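In this text the structure is predicted, and so the values were computed from the model without any measurement.
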Amino acid sequence: MLYLYLEVDLSDDDADLDEVARDCGHSLEHPKLADWHLSGVTHWHGHACLEFQLEMKEPIVQTELHRLISDIKVQISHPAVSASRTMLVSDKQET
């Protein structure tokens with residue numbers, strides 16, 4: 001299992017990231033990606049992020065993790081989201 005951490009910028013001061021996690025549409029694309037699940041909100045080095053669990057079609061070696069950050073395409077659909085950035089793809093869940 002891999003974990004993707006996505007930082008999200010909100011354009012609506014009344015919205016919060018928990019609401020976005022509950023109500024957003026999302027899609028992830030990568031040739032080696034089999035499936036994904038949006039786990040919810042977590043914090044990574046002071047950044048509030050959406051956490052996705054990634055199921056890959058084949059094992060990914062440690063050296064490929066960094067490339068996944070730029071190669072994976074993530075789209076978040078929610079009226080309060082103005083931008084998003086993939087912060088980390090890891091084989092360990094951040095706590």
Fill in the blank from the handout: Output for pair (Q75 CD, L28 CG), nearest 0.5 Å, gives 9.5 Å
Exercise for the section: Please report the shortest heavy-atom distance between A21 and V41, naming the atom on each side. Expected result: CB-CG2, 4.0 Å
Problem - From CD1 (I69) to OG (S90), nearest 0.5 Å - result: 9.5 Å
Exercise for the section: Mind listing the closest non-hydrogen atom pair of T86 and V74 along with its distance? Expected result: OG1-CG2, 4.0 Å
Side chains of residues 55-66: which donor-acceptor pairs under 3.5 Å do they make with residues two or more places apart or in other chains?
from, atom 1, to, atom 2, distance (Å)
K57, NZ, P31, O, 3.2
E64, OE1, V61, N, 3.1
E64, OE2, K32, NZ, 3.0

Practice task
Would you indicate whether the side-chain heavy atoms of L38 and C24 approach each other to under 4.5 Å?
Solution key: yes
Exercise for the section: Could you tell me which non-hydrogen atom of E51 sits nearest to which non-hydrogen atom of Y5, and how far apart they are? Expected result: OE2-OH, 2.8 Å
Practice task
Please report the closest heavy-atom contact between S27 and W36, naming both atoms and the distance.
Solution key: CA-CZ2, 3.8 Å
Fill in the blank from the handout: In short, M1 meets L54 closest at the heavy-atom pair SD-O, 3.5 Å
Handout entry: Short side-chain to backbone donor-acceptor contact, H78 and A80, under 3.5 Å
Key = yes
Practice task
Not counting sequence neighbours, list each pair that qualifies as a salt bridge (Lys or Arg N to Asp or Glu O under 4.0 Å) and has a residue in residues 1-17.
Solution key: E7-R85, D9-R85
Practice task
Please report the shortest heavy-atom distance between S11 and S82, naming the atom on each side.
Solution key: CB-CB, 3.9 Å
Handout entry: Close aromatic pair by centroid cut-off 6.0 Å: F52 and H26
Key = yes
Problem - Cluster check Y3, L50: I/L/V/M/F/W/Y, side chain < 4.5 angstrom - result: no
Practice task
Group every Ile, Leu, Val, Met, Phe, Trp and Tyr by side-chain heavy-atom contacts under 4.5 Å, then state whether I76 and L33 land in the same group.
Solution key: yes
Practice task
Output the distance between atom CG (L88) and atom NE2 (H45), rounded to the nearest 0.5 Å.
Solution key: 7.5 Å
